[in-house]
Amino acid sequence: MLGKLGLDAFHHDIIVLGGVMTMLLASLGIIALLTYTKRWKWLYKNWLTSLDPKKIGVMYIIIGLVMLLRGVADTLLLRAQQATSVGDSTGILTSDHFQQIFSAHGTIMIFFVAMGLMFGLINLIVPLQIGARDVAFPFLNSISFWLFAAGMALVNLSLIVGEFSAAGWLAYPPLSGLQYSPGVGVDYWIWSLQIAGVGSLLSGINFFVTILKMRAPGMTLMKMPMFVWSVLCSMIMVIFAFPILTATLAMLSLDRTIGTHFFTSDFGGNPMMYINLIWAWGHPEVYILVLPAFGIFSEIVATFSRKRLFGYASMVWALGAISFLSFIVWLHHFFTMGAGADVNAFFGIMTGVIAIPTGVKIFNWLFTMFRGRIKFATPMLWFLGFVVIFTIGGLAGVLMSVPAIDFQVHNSLFLVAHFHMMIVGGVLFGYFAGITYWFPKIFGFALNERLGKYAFWSWIIGFTTAFTPLYILGLMGATRRLDHYDKSLGWQGLFAVAGVGVLIILLGIGFQILQFVVSIWQRNKNLDSTGDPWNGRTLEWSTVSPAPFYNFAVTPHVTDRDQFWADKQAKTTAAKPHYEDIGMPKNTGMGIVIAGFAFIFGFAVIWHIIWLIPLALFGIIASVIIRSTDDETEYTITAAELAKLDSAHKGQPA
C-alpha cells in the first residue's frame with residue numbers, strides 16, 4: 001500500500017532531528033502568526049494565487065533567501081566536520097551523513113538559491129524595464145513558480161522522511177545507481193530537480209516570448225536595457241539546456257525504478273554518457289545564472305557612475321559569445337577521463353576563449369566608471385566585491401583550462417574554491433546587489449545603507465577567509481567530499497581557518513536579516529516618494545514606488561536605450577495621459593493545484609507507491625484541462641478606473 005515507506009524512514013540522528021525540529025518550529029511559528037493576525041485569506045487572495053509577476057518574484061526571492069540559510073547551515077556542518085575529524089577524532093558527522101549534506105548543499109545552492117533569486121529578480125524587473133504590464137503567459141508564470149516551490153519542498157521533506165542523496169550534487173553513476181545507492185536519497189534528488197527544472201524551462205519560454213513580443217513601442221533590440229539583454233541570452237540557454245537535464249534525469253530514474261541500463265556499466269549502458277549529458281546541461285547552467293548578474297552590474301555601474309554604459313554593442317556581442325561558447329566547453333569537467341589529446345586540446349582552447357568576452361564586460365564596466373561621479377552605495381560595493389572575487393576565480397578557471405594543470409588539481413579543493421568564487425562572487429553578489437538596488441521600486445522604501453555595508457564587508461572578508469585556504473589545500477592534495485584525514489598531513493589549521501570564514505559569512509547574513517528588520521521597522525524614514533531614489537536611467541524608475549500591479553497606466557514610447565535618463569536630461573514634461581481600457585489576468589489557485597499533484601507524483605515515485613502515481617498524473621492532466629477550458633481568465637480595468645488608480649498612486653486628485 002505504501003511501497004517502501006515504513007517507520008524506519010523517520011529514524012534520524014541527533015543533528016538531523018535538530019534540523020527537523022528547527023524547520024517544524026519555524027513552520028508552526030508562521031502558522032500561529034498568520035492565525036493570530038487572521039491573515040490566511042489575505043495571504044491566499046493577494047499572494048499565493050496572484051499572477052502579478054512582481055508578487056511571484058517576491059515569493060521566488062523569499063524561498064531563495066530561506067534556502068540560503070539552509071545551504072549556509074550545511075556549509076557550517078561540513079567545515080566543522082573537516083576541522084575536527086582528524087587523526088583519531090571522527091568529528092561530529094558520520095561519513096554517510098557528511099556525503100548527504102555535501103550533496104544537499106550543492107543542490108540547494110544552485111537550484112533553489114541561485115535559480116530562485118534569478119527568477120525572482122527577472123519577474124520583478126523585466127516587464128518594468130521593457131515597458132510591459134505583464135508577462136506573455138501569466139498563468140504559466142504561476143505554474144513555474146509553484147513547480148519550483150514543489151521541488152524545494154521535496155528537498156526539505158527528505159530531512160523528515162527518508163534520506164537525501166549521498167552521490168554528490170550531480171549524482172554520477174555508478175555511485176547514483178541502485179548497487180551503491182539502494183535507498184531513496186538519489187530519488188529525492190532526481191525528482192526535486194526534475195519538478196523544479198520543468199518550472200525553470202517553462203519560465204525560460206515565458207520570458208523569451210515576453211522580451212521578444214511585449215517591448216514598448218520604439219524599443220528595438222539595440223535599445224533594450226543591458227539587464228534585459230542578459231536575461232534574453234540566459235533564457236535562450238535555458239530553452240536549449242534544460243531539456244537535456246530533463247531527459248538525463250528521466251533516464252537515471254528509469255535505471256533506478258524499472259531496471260533499464262542507460263547509465264550502467266553492463267547490458268550496453270555507459271556511465272560516461274551520463275557525465276557528458278549532465279555537463280552538457282551543467283556548464284551552460286553556470287552562465288544561465290551569471291549572465292543576469294552581469295546585466296544587474298551593468299545597470300548598477302551606469303547608474304552609480306552617472307554615465308552611459310561604455311561599449312553597449314560590444315557588451316551585447318559579449319553576451320552572445322558567452323551564450324554560444326558555454327555549450328562547447330562542457331568536457332573540461334572531465335579532462336582526466338581519457339577522451340584523448342585532440343579532444344582535450346579543443347575544449348581547453350574553447351575554455352580559454354570564453355574568458356575573452358567575460359573580460360570585455362569587466363573592462364567595459366571599469367571604463368564606465370572612468371571619470372564618472374561614482375556614488376559608493378551598497379549596490380556599487382557589491383559590484384566592486386564581485387570584480388575582485390570573480391577575477392581571482394576566473395584566473396583559476398583559466399589555469400584549469402590547461403589539461404595538464406587540470407590533471408593535477410582535478411577533484412581537489414582547488415576546484416571547489418574556483419567554483420565558489422565564480423558562483424558566490426559572480427552570481428550571489430550580483431543578486432544581492434540587484435535586491436538592494438531595486439528594493440525601493442518594489443516595496444516603496446529603501447534598505448538601511450549602514451547595515452547593508454556591514455553585511456557586504458562581512459561577506460567579502462568571510463568569503464575570502466573561507467575559500468583562500470581551499471586553494472592551498474587543493475594544491476596540497478586535499479580532495480572534495482573529504483570527511484576525515486590523517487593528522488600528519490598538516491591540513492587541520494587551514495580547515496580551521498576556512499571554518500572561521502564561514503562564521504564571518506554567518507555574521508554577514510545576520511547583518512542582512514537585521515537590515516531587512518530595521519528597514520521595515522523604519523520604513524517611513526526611507527520612503528521613496530519620487531519613484532527614482534537612485535537617479536536611475538531605465539523605464540522601471542519612471543513609474544511610482546512601489547510599482548502598481550499594472551506597471552504603467554500608459555504604455556511608454558522609447559526613442560533611447562536610457563529613455564528615462566534622456567527624458568530627465570531634456571526636462572521633458574509629461575503630456576496629459578490618454579488612458580485606455582486594459583485587460584489583466586484574474587488570480588487563480590490552479591498553479592498551486594498542479595504543483596501539488598506534481599509533488600505527490602514525485603513522492604509516489606520516490607517511495608514506489610504504485611497506485612498513487614497514476615492518480616497524481618491524472619490530477620495534473622485534469623487540472624491543466626480544466627484551466628485550459630476556462631474562458632473567464634481576465635478582467636478589464638476601464639479607462640476611468642485606470643485614471644483614478646493612477647492619480648491615487650501619484651498622490652494627485654482624481
Side-chain angles (χ1 to χ4, degrees), residues 54 121-122 124-132 211 215-232 291-316 318-319 361-362 364-384 386 430-431 433-442 444 446 528-547 551-552 554-574:
K54 294 181 292 300
L121 286 166
I122 289 171
L124 292 176
I125 302 306
V126 165
L128 285 165
Q129 279 202 334
I130 64 174
I211 293 169
R215 300 190 307 278
M219 184 179 281
T220 62
L221 289 176
M222 294 306 286
K223 288 190 177 76
M224 294 196 308
M226 193 53 63
F227 178 64
V228 178
W229 260 115
S230 70
V231 172
L232 177 62
L291 287 191
F294 286 173
I296 291 167
F297 289 134
S298 296
E299 303 297 335
I300 285 171
V301 171
T303 297
F304 292 104
S305 298
R306 300 293 184 264
K307 280 180 64 182
R308 198 174 181 88
L309 184 67
F310 181 88
Y312 176 90
S314 65
M315 295 283 262
V316 172
L319 286 170
K361 300 187 79 63
I362 289 178
N364 280 358
W365 290 321
L366 297 179
F367 284 132
T368 303
M369 293 171 63
F370 181 63
R371 292 184 176 175
R373 291 170 292 163
I374 300 171
K375 180 180 180 181
F376 292 100
T378 308
M380 194 66 176
L381 291 180
W382 285 114
F383 164 74
L384 295 172
F386 148 80
Y431 296 156
I435 291 169
T436 309
Y437 179 58
W438 282 305
F439 192 91
K441 177 52 55 183
I442 303 306
D528 173 23
S529 58
T530 65
D532 183 25
W534 305 116
N535 196 12
R537 308 181 71 86
T538 43
L539 285 178
E540 73 270 27
W541 304 110
S542 67
T543 188
V544 296
S545 298
N551 289 352
F552 299 94
V554 178
T555 301
H557 286 253
V558 174
T559 58
D560 191 284
R561 73 168 183 261
D562 289 338
Q563 184 63 49
F564 184 50
W565 181 263
D567 289 344
K568 288 190 292 185
Q569 298 308 302
K571 296 182 170 55
T572 302
T573 304

(message) Test your reading of the model: is there a side-chain donor-acceptor pair from Lys307 to the backbone of Phe367, 3.5 Å cut-off?
(response) yes
(request) Ignoring hydrogens and angles, state whether a donor on the side chain of Asp567 or Ser542 is under 3.5 Å from an acceptor on the partner side chain. (result) no
(message) For the backbone of Phe227 and the side chain of Glu299, can you confirm whether one donor and one acceptor N or O come within less than 3.5 Å of each other?
(response) yes
(request) Measure across Lys361 and Leu319 and return the closest heavy-atom pair with its distance rounded to 0.1 Å. (result) NZ-CG, 3.6 Å
(request) Let me know which of Arg308, Arg537, Lys223 forms a salt bridge (Lys or Arg N to Asp or Glu O under 4.0 Å) with Asp560. (result) Arg308
(request) Considering non-hydrogen atoms only, spot the tightest contact between Val228 and Met224 and give its length. (result) CG1-SD, 3.6 Å
(request) For Tyr437 and Trp541, run ring-ring contact (aromatic ring centres under 6.0 Å, His included): C-alpha distance rounded to whole Å, both residues' side-chain angles, the deciding distance at 0.1 Å, then the answer. (result) CA-CA 11 Å; Tyr437 179 58; Trp541 304 110; 5.2 Å; yes
(request) Would you please name every residue forming a side chain to side chain donor-acceptor pair (under 3.5 Å) with Trp365, sequence neighbours left out? (result) Ser298
(message) Can a donor-acceptor pair be found, under 3.5 Å and without considering hydrogens, that links the side chain of Lys441 to the backbone of Gly531?
(response) yes
(request) Heavy atoms only: give me the nearest Asn551-Thr543 pair and the separation to one decimal. (result) O-OG1, 3.1 Å
(message) Among residues at least two apart in sequence or on other chains, which ones pass side chain to side chain donor-acceptor pair (under 3.5 Å) with Trp229?
(response) Tyr312
(message) A side-chain contact here means heavy atoms from C-beta on lying under 4.5 Å apart; do Asn535 and Lys375 qualify?
(response) no
(message) For the backbone of Glu540 and the side chain of Thr538, can you confirm whether one donor and one acceptor N or O come within less than 3.5 Å of each other?
(response) no
